[in-house]
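Everything numeric here is computed off the predicted structure, so don't read it as measured data. Note on naming: letters A, B, ... go to the chains in the order of the sequence lines (proteins, then strands), and numbering restarts at 1 for each one.
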There are 2 protein chains.
Amino acid sequence: MHRKPNLKDVAELAGVSAITVSRVLTHPDKVAAKSRLKVEQAIAELGYIRNHAASALASSRSGVLAVIIPSLSNIVFNDVLQGIYSAVKPYQLQVILGDCHYSPLEEEKLIATLLSQAPEGLILTGTDQTDYARKLLQNAGIPVVQLMELTDQPIDMNIGFSHFDAGKAMTDHLLARGYRRIGFLGARMDPRTQQRLAGFNQAVAVWNEQQPQPASCQPYVVTTGQSSSIKLGGQLLQAVMAESQGQCDAVFCCNDDLALGALFAARKMNLRVPADLAIAGFNDLEASALVDPGITSVASPRFAMGQQAVELLLQKARGERCDFAPVDVGFSIMARGST
Amino acid sequence: MHRKPNLKDVAELAGVSAITVSRVLTHPDKVAAKSRLKVEQAIAELGYIRNHAASALASSRSGVLAVIIPSLSNIVFNDVLQGIYSAVKPYQLQVILGDCHYSPLEEEKLIATLLSQAPEGLILTGTDQTDYARKLLQNAGIPVVQLMELTDQPIDMNIGFSHFDAGKAMTDHLLARGYRRIGFLGARMDPRTQQRLAGFNQAVAVWNEQQPQPASCQPYVVTTGQSSSIKLGGQLLQAVMAESQGQCDAVFCCNDDLALGALFAARKMNLRVPADLAIAGFNDLEASALVDPGITSVASPRFAMGQQAVELLLQKARGERCDFAPVDVGFSIMARGST
DNA sequence: AGTAAAAATGTTAGCGCAACCATTTTGCTA
DNA sequence: TAGCAAAATGGTTGCGCTAACATTTTTACT
């Protein structure tokens with residue numbers, strides 16, 4: 001036999017009907033142990049592998065979960081992905097992953113492509129999808145989770161935390177520690193980074209409103225559209241130092257890559273951390289806790305977010321629940337030596 | 001209309017036959033501009049999205065590329081993935097990604113699952129697949145690339161470099177710099193790590209054979225099955241220092257995570273790098289170049305490997321070539337301050 | 001043993017699309 | 001304008017599987 005064996009071949013060899021073979025594969029408990037054994041032997045003998053396309057077509061269940069992240073290179077989404085994969089494991093689900101490179105338009109195209117797989121659900125990052133993308137998803141009628149940040153108008157389900165609040169909290173932390181000339185170092189400037197910056201600005205504004213003149217805070221904001229990296233952190237530190245004429249006494253980096261870069265660069269500039277310069281980051285990467293001094297950062301349960309996204313998706317797909325309020329997973333300030 | 005629109009619905013609205021609509025989607029150049037326009041309008045109006053399962057079943061082309069990596073958390077495979085995604089982009093191909101957690105058995109199961117998607121090709125990491133997995137792949141008759149390391153008996157195609165040679169070269173580098181009490185810090189101990197260790201042992205053996213007694217090299221090997229992390233690097237450094245009673249003057253870490261951890265720990269132990277202790281790593285992560293001192297490491301073209309894997313796969317799938325000798329992409333020693 | 005219920009198995013039909021081959025239309029040359 | 005090749009389009013069929021219903025066999029209990 002040259003062509004690949006199909007259900008019928010297995011059925012003939014096992015001496016049962018095709019549907020019985022099908023059942024062995026999908027509802028093994030609905031088949032008598034005796035037949036099941038015969039079928040399993042036949043499958044093994046022929047090296048039969050089910051044709052997923054045919055199965056999906058006949059059952060109109062694809063067994064596919066679509067995931068779109070903004071970047072493969074940002075480790076942050078790696079953690080989320082791991083959560084997703086770990087949650088998916090017990091189920092017969094394949095993950096199809098797309099990278100939209102932080103572009104809503106690319107994301108829109110990806111959504112259109114991925115929808116052709118008729119996925120059981122879709123996990124998106126962030127909340128700034130295009131109108132057309134939202135329409136596509138509405139029509140598709142599949143459960144959707146928007147992950148990482150919170151929104152008032154979710155497409156469907158929503159799990160995340162407030163990057164605005166986190167940015168504000170970190171800035172308050174710096175203010176509370178006595179820093180008054182605080183730089184904000186931002187790269188990429190995707191929506192979540194912008195929210196962190198907004199939180200920073202808000203915290204500074206509130207502070208300056210409440211404090212008498214001599215204690216007021218001078219912010220220095222340096223941002224770039226470049227994607228963030230450790231190296232860039234050093235460059236941005238130099239930039240903010242230039243802009244503040246060396247007055248800057250703390251920097252709030254929009255993520256830990258920049259913060260690490262700033263820390264390494266500070267050393268080379270002979271700035272003592274935190275005596276001359278405090279450094280705060282975001283995302284709480286492993287390295288941040290282990291460098292000396294440790295970098296103060298914002299931690300969030302990324303792995304758990306990924307897991308929970310899958311759980312909610314499947315609950316909704318199974319029709320177990322349908323009232324899903326946005327889930328705020330919160331964040332925490334990991335205060336360390338750098339501030 | 002409640003159900004999702006299908007080809008026929010589009011065809012009726014556009015006033016053409018179903019097959020013409022199909023052609024607009026797959027061979028747009030085979031359709032007159034006039035019909036194409038009508039069809040495109042109808043598609044937009046109905047929000048039609050092609051059913052991938054039906055398409056795959058009818059055409060027996062899945063448009064899927066399967067990829068199995070040993071770990072999502074290891075950034076190294078991230079780079080490879082990025083290469084794969086970048087190479088896949090111009091084609092109508094979806095990537096289905098599996099994580100086998102460094103387990104050949106899990107990999108075997110994953111292969112069986114992924115084969116049911118009838119992928120156009122499969123990219124595997126490493127070369128230690130189970131016999132049954134190899135048989136499955138032989139039967140499947142799809143192009144396969146084994147990535148990252150080289151082997152004499154590839155399943156099909158093979159792209160990578162010699163981790164043995166790289167381990168040996170790095171050890172030679174340390175010996176040439178005058179270090180004689182060299183520790184090898186290994187975590188996870190997957191096949192590639194073992195090859196690096198074998199290269200290390202070989203280099204030491206060769207050295208000791210050629211050198212007179214007083215110049216001979218004393219190796220200290222400390223390994224663990226735990227998965228590697230920055231933190232673990234520090235712990236392993238302490239372990240090797242204990243084992244060598246503080247005599248160790250250089251450590252070759254099986255990857256840069258460990259090396260960074262070793263560097264951070266060395267600082268806390270008041271060891272000057274490289275005066276008291278040299279540190280070498282593997283993989284050349286971004287941070288390794290930017291810490292102070294920079295960590296000497298082994299660089300390899302991971303992104304390019306991913307890209308090339310896709311290219312070869314597609315060439316073979318299109319039948320353009322079939323004689324694929326293993327591709328050695330090589331490596332290079334990035335000598336930095338740490339050694 | 002007899003009966004009803006439950007479990008196991010089979011039959012039929014169709015999921016949505018594209019390959020194949022047949023037919024119609026178009027564009028071009030003499 | 002006829003005639004022909006090439007381009008465009010359509011009809012039929014089947015890809016491999018499973019849902020829904022139909023039938024048979026087994027089980028449990030009187």
Inset, instruction - Round to the nearest Å and state the distance from D9(B) atom CG to dC15(C) atom C1'. - result: 14 Å
Legend entry - Atom-pair distance (NZ on K34(B); C1' on dT25(C)), nearest Å: 10 Å
Inset, instruction - Measure the distance from NZ on K4(B) to P on dC15(C) and round it to the nearest whole Å. - result: 15 Å
Legend entry - Rounded distance (Å) that lies between atom P of dG16(C) and atom CD of Q117(A): 16 Å
Which donor-acceptor pairs under 3.5 Å do the side chains of residues 34-41 of chain A make with protein atoms, sequence neighbours left out?
{"from": "R36(A)", "atom 1": "NH1", "to": "P28(A)", "atom 2": "O", "distance (Å)": "2.7"}
{"from": "R36(A)", "atom 1": "NH1", "to": "V31(A)", "atom 2": "O", "distance (Å)": "3.2"}

Legend entry - Rounded distance in Å - NZ (K38(B)) to P (dA8(D)): 14 Å
Legend entry - Length of the line joining K30(A):NZ and dA6(C):P, which is rounded to integer Å: 13 Å
Inset, instruction - Could you go through the side chain to side chain contact (heavy atoms under 4.5 Å, CB included) check for K4(B) and N51(B) one step at a time? - result: CA-CA 10 Å; K4(B) 282 205 205 139; N51(B) 182 323; over 6 Å; no
Inset, instruction - Just jot down the side-chain contact (heavy atoms from CB on, under 4.5 Å) partners of S103(B), sequence neighbours excluded, or say none. - result: L105(B), E106(B)
Inset, instruction - Would you tell me whether Q117(B) and Q94(A) have side-chain atoms, one donor and one acceptor, within less than 3.5 Å of each other? - result: no
Inset, instruction - If a protein heavy atom is under 4.0 Å from the base, mark B; if only from the sugar-phosphate, S; if neither, -; do that for nucleotides 17-24 of chain C going 5' to 3'. - result: BBB-----
Legend entry - Minimum-distance nucleotide (side-chain atoms of A32(A) versus dG10(C), dT9(D), dA8(C)): dA8(C)
Inset, instruction - Would you mind reading off the distance between R36(A) atom CZ and dA8(C) atom P, rounded to a whole angstrom? - result: 9 Å
Legend entry - Sugar-phosphate, base or nothing in reach of S60(B), heavy atoms under 4.0 Å: nothing
Inset, instruction - Take atom CG of L57(B) and atom P of dC17(D), then tell me their distance rounded to the nearest Å. - result: 9 Å
Inset, instruction - May I ask you to decide whether D190(A) forms a salt bridge with R188(A), counting only side-chain N to carboxylate O separations under 4.0 Å? - result: no
Legend entry - Distance (rounded to the nearest 0.5 Å) between Y102(B) OH and N74(B) CG: 4.0 Å
